[in-house]
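Data first, discussion second: the structure below is written as structure tokens.
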There are 2 protein chains.
Amino acid sequence: MYPTIILELIDDLKKLPGIGEKTAERLALHLTNWDSEDLKHFGTHLIELKTNISFCDICGLLTDDHICSICKDETKDKTQIMVVSDSKDVFAIEKTKTFHGNYHVLNGLIDFSKGIEPKDLNFDKLTNRVKDIKEIIIATNSNVEGELTAQYIKSLYKDLDLTISRLGYGLPVGADLKYADQLTLTKAVENRQKY
Amino acid sequence: MYPTIILELIDDLKKLPGIGEKTAERLALHLTNWDSEDLKHFGTHLIELKTNISFCDICGLLTDDHICSICKDETKDKTQIMVVSDSKDVFAIEKTKTFHGNYHVLNGLIDFSKGIEPKDLNFDKLTNRVKDIKEIIIATNSNVEGELTAQYIKSLYKDLDLTISRLGYGLPVGADLKYADQLTLTKAVENRQKY
């Protein structure tokens with residue numbers, strides 16, 4: 001029914017998160033209205049994506065240079081390193097403008113069920129970096145793999161003279177208490193603060 | 001903050017309907033996890049989209065050949081032509097498997113405010129085709145441009161010996177009466193059927 005290239009585009013688009021058959025169809029048909037120049041730009045950006053990004057030699061963040069803009073930034077507090085699993089977490093935290101230290105991106109989490117061990121993650125560089133710092137803030141997600149990785153980091157550096165902290169858990173701002181899940185509510189009670 | 005190529009991809013993705021800044025960011029970051037081969041396919045399909053599709057010489061439908069698969073299909077009723085504004089409409093109707101005739105795609109609607117006149121649309125080929133048919137079914141949308149185009153088609157072929165019909169309007173199946181808009185409700189009352 002559809003021309004072959006549109007069927008192929010639908011298949012490509014369906015691989016994106018949150019895009020099902022119907023949305024992919026709608027997007028593919030929309031793309032047929034784009035002018036050739038815009039399609040060429042979009043296509044070229046996709047094809048060149050992998051060759052134009054790399055991981056920062058220091059912290060492992062996605063970057064288009066050897067060293068990322070955060071590691072290059074002299075105004076950042078070099079005594080603090082926030083450890084995250086993914087570059088996306090760095091971009092999210094940077095937007096809040098609440099953290100002024102450096103980051104370290106593990107590019108994954110320990111997950112024995114998938115055969116992902118510490119040696120597969122960006123730990124060697126972290127171990128080199130922690131010698132000169134005062135605080136590690138563990139910001140891995142609060143799922144099984146995130147907790148496991150957090151425990152591993154804690155045990156790895158427990159004998160060093162530095163503070164190891166973990167992001168605070170509690171109710172999301174603006175959330176309705178009755179809709180919060182039990183674990184979040186438990187953490188919110190545990191982490192209650194003087195008012 | 002983001003590598004340049006990711007910013008460019010975010011800009012590309014934002015041009016798609018229903019994709020805002022946040023979703024574009026999420027999709028662009030997701031694309032960084034794709035393997036190079038998949039990105040190359042996706043990119044190539046975009047770049048080659050325009051050169052791999054054309055409009056059917058007979059009916060104006062998007063196709064990858066000179067003549068589309070529907071016009072080539074000998075089992076279709078050649079005495080009926082459904083006139084639509086866009087290829088997407090054909091794909092939608094074909095899925096219902098309720099119409100067994102041919103189509104004619106105008107590739108637009110008359111819209112004087114945008115300077116789109118009948119001469120800018122695929123009418124010449126339609127006029128050639130209607131000589132040999134028994135029925136035209138007008139399936140343009142029920143907005144101002146769709147109504148105007150429907151009126152134009154009716155006046156254009158009123159002296160020919162053929163039936164001119166228009167898609168039935170009424171309540172969408174499964175819709176709640178109280179949420180229907182006034183125009184739809186009016187059409188539903190006008191088009192009531194013996195039960």
Side-chain angles (χ1 to χ4, degrees), chain A residues 1-13 15-19 23 25-56 61-65 68-70 73 86-92 94-95 107, chain B residues 1-13 15-19 23-56 61-65 68-70 86-92 94-95 107:
Chain A
M1 184 56 212
Y2 288 115
T4 312
I5 190 131
I6 294 185
L7 291 175
E8 285 170 329
L9 259 187
I10 292 173
D11 280 342
D12 295 325
L13 289 159
K15 290 182 195 152
L16 290 167
I19 295 189
T23 309
E25 255 183 75
R26 195 167 51 88
L27 296 180
L29 290 171
H30 187 269
L31 284 162
T32 63
N33 300 329
W34 283 30
D35 61 42
S36 301
E37 203 56 28
D38 283 348
L39 285 168
K40 195 179 155 195
H41 281 148
F42 191 2
T44 309
H45 294 149
L46 288 171
I47 293 169
E48 293 177 356
L49 179 60
K50 290 283 189 172
T51 48
N52 276 274
I53 52 171
S54 58
F55 298 104
C56 172
L61 181 70
L62 272 184
T63 173
D64 39 18
D65 206 346
C68 76
S69 57
I70 299 176
D73 186 346
D86 205 286
S87 292
K88 297 169 203 178
D89 303 322
V90 175
F91 300 137
E94 277 293 285
K95 275 190 190 161
N107 284 311
Chain B
M1 183 57 212
Y2 287 116
T4 314
I5 190 128
I6 294 185
L7 290 175
E8 285 170 330
L9 260 187
I10 291 172
D11 281 342
D12 295 324
L13 289 160
K15 290 180 194 153
L16 290 167
I19 295 189
T23 309
E25 255 183 74
R26 195 166 51 88
L27 296 180
L29 290 171
H30 187 268
L31 283 163
T32 63
N33 300 329
W34 283 30
D35 62 41
S36 301
E37 203 56 27
D38 284 346
L39 286 167
K40 194 179 154 194
H41 282 147
F42 191 2
T44 309
H45 294 149
L46 288 169
I47 292 169
E48 292 177 357
L49 179 60
K50 290 282 189 175
T51 47
N52 276 274
I53 53 172
S54 57
F55 297 104
C56 172
L61 182 70
L62 270 185
T63 173
D64 38 19
D65 207 345
C68 75
S69 57
I70 298 176
D86 204 286
S87 293
K88 295 169 205 180
D89 303 323
V90 176
F91 301 136
E94 277 293 286
K95 275 190 191 162
N107 284 312

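Lettering follows sequence order; numbering is per chain, from 1.
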> Which residue out of B:T23, B:D35, B:L16 racks up the most heavy-atom pairs below 4.5 Å with chain A?
Replying inline: B:L16

>> I'd like to know which of B:I19, B:T4, B:D65 tops the heavy-atom pair count under 4.5 Å against chain A.
In response: B:T4

> Taking it one step at a time, do A:L49 and B:I6 satisfy side-chain contact (heavy atoms from CB on, under 4.5 Å)?
Replying inline: CA-CA 8 Å; A:L49 179 60; B:I6 294 185; 4.3 Å; yes

> Is B:K40 atom NZ crowded by more than 12 heavy atoms from other residues, nucleotides or ligands, each under 6.0 Å away?
Replying inline: no

>> Looking at every heavy atom in both B:D12 and A:H45, which two are closest together, and how far apart are they?
In response: OD2-ND1, 2.5 Å

> Which heavy atom in B:I53 sits nearest to a heavy atom in A:P3, and how many Å separate them?
Replying inline: CG2-CB, 3.8 Å

>> Checking side-chain contact (heavy atoms from CB on, under 4.5 Å) between A:I47 and each of B:L46, B:L39, B:I47, which is the one that passes?
In response: B:I47

>> Less than 4.5 Å to any heavy atom of chain B: does that hold for the side chain of A:T51, its backbone, both, or neither?
In response: neither

> Which bit of A:E94 is near chain B, if near means a heavy-atom gap under 4.5 Å: side chain, backbone, both or neither?
Replying inline: side chain

List the atom pairs, with distances to 0.1 Å, where a side-chain N or O of residues 26-33 of chain A and a protein N or O form a donor-acceptor pair under 3.5 Å, not counting sequence neighbours.
residue	atom	partner	partner atom	Å
A:H30	ND1	A:W34	NE1	3.1
A:T32	OG1	A:L29	O	2.5

>> Using side-chain contact (heavy atoms from CB on, under 4.5 Å), reason through B:L62 and A:Y2 one step at a time and then give a plain yes or no.
In response: CA-CA 8 Å; B:L62 270 185; A:Y2 288 115; over 6 Å; no

>> To the nearest 0.5 Å, what is the distance between NZ on A:K15 and NE2 on B:H41?
In response: 8.0 Å

> Of all of A:T44, A:D86, A:D64, which one pairs up most often with chain B through heavy atoms under 4.5 Å apart?
Replying inline: A:D64

> Between A:S69, A:S87, A:S36, which residue shows the highest count of heavy-atom pairs closer than 4.5 Å to chain B?
Replying inline: A:S36

> Hey, are B:E25 and A:K95 close enough for a salt bridge, meaning a charged N less than 4.0 Å from a carboxylate O?
Replying inline: yes

>> I'd like to know if the side chain of A:N52 and the backbone of B:I5 have a donor-acceptor N/O pair within less than 3.5 Å.
In response: no

